[in-house]
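Take a look at the structure below.
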Amino acid sequence: MVDFSKARELYDLQKKAKKIQKELKETEIEAKSSDGWVTVVFNGEQHLTDISIAEDALNSENKRELEKDLKNTISQAISRAQAHAAEKM
C-alpha cells in the first residue's frame with residue numbers, strides 16, 4: 001500500500017514556499033539615511049530595486065559623508081529585508 005499523505009504534505013509545503021517567495025518578491029523595504037540624502041529600496045528577496053541620492057549631496061565636499069550614508073542605509077535596508085523574510089518563514 002502506498003502512503004500518499006507524505007506526497008500531499010510535500011506538495012502543500014512546496015505550494016506554501018512558492019506563495020511566500022512571491023510575497024517576498026512583491027514586498028518593498030525602504031531605508032533612508034538620517035540626513036535624508038540617501039534612500040534605498042530592497043525587495044523581500046534582498047535585491048536592491050531603487051536608490052535615490054539628493055542633489056545637495058552630490059558635491060565633492062560631501063563625498064565621505066555620502067559614502068557613509070550609502071553604506072549605513074544599504075545595511076539598514078538589508079537587515080530589514082532579512083527580518084521580514086524571517087517573519088514570513
Would you say E9 has more than 12 foreign heavy atoms packed within less than 6.0 Å of its CD?
yes
Evaluation steps, side-chain contact (heavy atoms from CB on, under 4.5 Å), between L58 and L66
CA-CA 8 Å; L58 298 174; L66 180 58; 4.2 Å; yes
Co-membership, hydrophobic cluster, residues I29 and I51, 4.5 Å side-chain
no
Quick one: does N62's side chain have a donor or acceptor within less than 3.5 Å of a partner on E65's backbone?
no
For a salt bridge (charged side-chain N to carboxylate O under 4.0 Å, His left out) check, start with the C-alpha distance between E67 and K63, then their side-chain angles and the critical distance, and finish with the verdict.
CA-CA 6 Å; E67 289 170 342; K63 183 181 183 297; 2.5 Å; yes
Whether the side chain of T27 engages the backbone of N43 through a donor-acceptor N/O pair (distance < 3.5 Å, no angle test) should be reported.
no
Give, for atom CG of L10 and atom OG of S5, the distance between the pair rounded to the nearest 0.5 Å.
11.5 Å
State the OG-CD1 distance between S79 and I74, to the nearest 0.5 angstrom.
12.0 Å
Counting heavy atoms not belonging to E45, are there more than 12 under 6.0 Å from its CD?
yes
If I compare all heavy atoms of Q82 with all of Q46, which pair ends up nearest, and what's the gap?
CG-NE2, 3.1 Å
Taking K19 first and then E23, would you say they form a salt bridge - that is, a charged N and a carboxylate O separated by under 4.0 Å?
yes
D12/K16 ion pair, N-O < 4.0 Å:
no
Separation of S34 OG from D69 CG (nearest 0.5 Å)
6.0 Å
Kindly give the heavy-atom pair with the smallest separation between A31 and R80, and that separation in Å.
CA-NH1, 3.8 Å
Rounded distance (nearest 0.5 Å) linking atom CZ of F42 with atom NE2 of H84
14.5 Å
Criterion side-chain contact (heavy atoms from CB on, under 4.5 Å) against E30, the qualifying member of T39, V40, D50:
T39
Specify the closest pair of heavy atoms between G36 and A54, including all atoms of both residues, with the distance to one decimal.
O-CB, 4.3 Å
Between T73 and W37, is the side-chain contact (heavy atoms from CB on, under 4.5 Å) condition met? List the steps.
CA-CA 10 Å; T73 307; W37 280 355; over 6 Å; no
